[in-house]
Amino acid sequence: MSKITAAITGVGAYVPEYRLTNQILETMVDTNDEWITTRTGIKERRILKEEGKGTSFLAIKAAQDLIDKKGIDPKDIELVIVATATPDMKAASTAAFTATHIGAINAFSFDLEAACSSFLFGMSVASSYIESGKYKNVLLIGADKNSSFINYKDRATCIIFGDGAGAVLFEPNHEGLGLQDEILRSNGEGREFLQATYGGSSYPITADTFNEGKHYVFQEGRTVFKNAVFNMADVTERILERNNLTNDDISWLAAHQANKRIIEATASRVSLEPAKVMMNIHKYGNTTSATLPLLLHDYESQLKKGDKIIFAAFGGGFTWGSIYLKWAYNS
Ligand code: UT7
């Protein structure tokens with residue numbers, strides 16, 4: 001019998017209606033459209049404004065989009081992974097709530113947190129369950145409501161992040177398509193440069209820290225930028241080498257959308273022409289766990305069976321990595 005590989009067989013997505021444009025941000029903090037566009041490539045981001053709606057709301061919408069598009073019976077889904085850095089609540093699993101809401105009543109589910117690399121690491125986990133032969137339908141959702149921990153008075157962070165979600169289904173493949181190889185890494189020394197310090201178990205929120213805004217995300221942008229460029233480009237180059245791939249062999253680069261300059265630096269390291277570089281940061285900003293599935297959603301109609309896609313991500317922790325996947329279907 002041929003080896004089982006884990007292929008993506010469907011994509012769904014959801015972004016909230018509200019568009020927070022650079023022009024609106026100009027009225028909120030000391031910034032301008034020209035600075036944001038040249039430094040990051042972002043023009044607008046989507047924000048989930050409705051009170052009481054968290055990451056699961058985005059995750060459910062994206063999963064529902066996939067279920068409707070593919071005509072799946074949610075009862076056939078065996079595992080639901082919600083990759084997220086912004087779970088609905090402490091203690092209660094966002095994935096369990098999401099799975100039940102979409103009707104995946106026969107599934108087990110769990111959250112996976114690796115900051116901006118959550119979805120990339122989730123691809124590895126979802127694929128391993130499929131490759132083991134034990135599971136045949138694994139739903140991986142990347143969803144984040146970043147606006148829930150952004151300080152809209154801090155220009156260093158509020159211009160970057162947005163809300164959104166994307167979902168993919170992994171199924172077994174017997175033609176050798178799907179996930180081929182991965183290089184995944186982490187380094188806890190990076191924690192100090194990107195974190196929301198208060199609100200976790202180390203430092204619970206107090207009235208004083210709340211008033212000082214210490215529960216919001218803090219980022220030492222320049223250090224994160226340098227590490228992102230170096231590490232994302234490094235693993236991308238290595239995964240190409242390890243699989244004897246040249247830039248001509250690669251159909252697409254799907255890189256985490258944190259900053260256009262980081263994505264371009266990664267592409268340039270492996271001499272990839274701009275037409276092969278998926279890009280939608282201008283529309284959504286950095287949606288953390290949702291950037292990779294949102295790219296797949298936006299480019300799905302251009303993807304062809306057998307296309308060789310290199311995924312890459314870098315995020316808080318630090319966490320980073322690269323995955324080589326062969327696309328499994330024509331739209
Ligand atoms: O997804 C998780 C991983 N995250 C990332 O990969 C993000 C990585 N970092 C970045 O993308 C970039 O570092 C930022 C976009 C956050 C910042 O861009 P930068 O080119 O690194 O800017 P900088 O922090 O070095 O600041 C340059 C200047 C400073 O002014 P001076 O000191 O040169 O006078 C800042 O005060 O730009 C100023 N500045 C701004 N000006 C207008 C910083 N933020 C803004 C702003 N608008 N929003």
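As the structure lists them, so they are numbered: ligands from 1, and atoms in each ligand from 1. In what follows, every heavy atom counts, from backbone to side chain, and hydrogens, waters and symmetry copies are set aside.
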Please report whether ligand 1 has a polar contact with T40, defined as an N or O pair separated by less than 3.5 Å (distance criterion only). no
Ligand 1 N/O within reach of N32 N/O, cut-off under 3.5 Å: no
Aromatic ring proximity Y135/F108, centre distance under 6.0 Å: yes
Is the backbone N or O of N146 less than 3.5 Å from a side-chain atom of D163, with the two atoms forming a donor-acceptor pair by type? yes
If you take the centroid of each ring, where Trp contributes its six-membered ring, are Y329 and W327 closer together than 6.0 Å? yes
Counting from 1, what ligand 1 atoms have a heavy atom of N286 closer than 4.0 Å? 1 (O), 2 (C)
Structural part of I160 in contact with ligand 1, heavy atom criterion under 4.0 angstrom: side chain
Any non-hydrogen protein atom less than 4.0 Å away from atom 22 (O) of ligand 1: yes
Which residue is it: T197, N151, I150, D154? I am looking for the one with a side-chain contact (heavy atoms from CB on, under 4.5 Å) to Y216. N151
Within the structure, does at least one protein heavy atom fall under 4.0 Å of atom 41 (N) of ligand 1? yes
Taking the six-membered ring for Trp, are H256 and F314 closer than 6.0 Å centroid to centroid? no
The protein heavy atom nearest to atom 7 (C) of ligand 1 is Q219 OE1, 3.4 Å
E175/K305 ion pair, N-O < 4.0 Å: yes
When you measure from atom 2 (C) of ligand 1 to every protein heavy atom, which one gives the shortest distance, and what is it? C116 SG, 3.2 Å
If you measure from each non-hydrogen atom of T31 to ligand 1, which part falls under 4.0 Å: side chain, backbone, both or neither? both
Strictly below 4.0 Å, N to O, side chains only: are E237 and R242 in salt-bridge contact? no
Which bit of I262 gets closer than 4.0 Å to ligand 1, counting heavy atoms only: side chain, backbone, both or neither? side chain
Can you tell me how the ring of Y198 sits relative to the ring of Y203, calling it parallel under 30°, perpendicular over 60° and tilted otherwise? tilted
List every atom of ligand 1 that sits less than 4.0 Å from any heavy atom of V224, numbering the atoms from 1 in the order shown and giving each element. 3 (C), 4 (N), 5 (C), 6 (O), 8 (C)
So for ligand 1, is G221 a polar contact partner (N or O within less than 3.5 Å, distance only)? yes
Interfacing atoms of ligand 1 (cut-off 4.0 Å, heavy-atom, N259): 10 (C), 11 (O), 12 (C), 15 (C)
Given R39, M232, R222, which has its nearest heavy atom closest to atom 33 (O) of ligand 1? R222
Verdict with reasoning, N286 to Q257, per side-chain contact (heavy atoms from CB on, under 4.5 Å): CA-CA 6 Å; N286 180 350; Q257 306 283 291; over 6 Å; no
Check F225 against ligand 1 and report side chain, backbone, both or neither, counting heavy atoms closer than 4.0 Å. both
Is a donor on one side and an acceptor on the other found under 3.5 Å between the side chain of T94 and the backbone of D88? yes
Out of all atoms in ligand 1, which are within 4.0 Å of some heavy atom of A258? Include the element for each. 1 (O), 5 (C), 6 (O)
Between R261, E220, R155, flag the one that comes closest to atom 36 (O) of ligand 1 by a heavy atom. R155
Step by step, would you call F218 with T157 a side-chain contact (heavy atoms from CB on, under 4.5 Å)? CA-CA 7 Å; F218 155 82; T157 52; over 6 Å; no
Is_contact(atom 30 (O) of ligand 1), protein non-hydrogen, under 4.0 Å: no
Once you measure the plane-to-plane angle for Y129 and F110, does it fall in the parallel (<30°), tilted (30-60°) or perpendicular (>60°) bin? tilted
Please write down residue, atom name and distance for the protein heavy atom closest to atom 17 (C) of ligand 1. W35 CH2, 3.9 Å
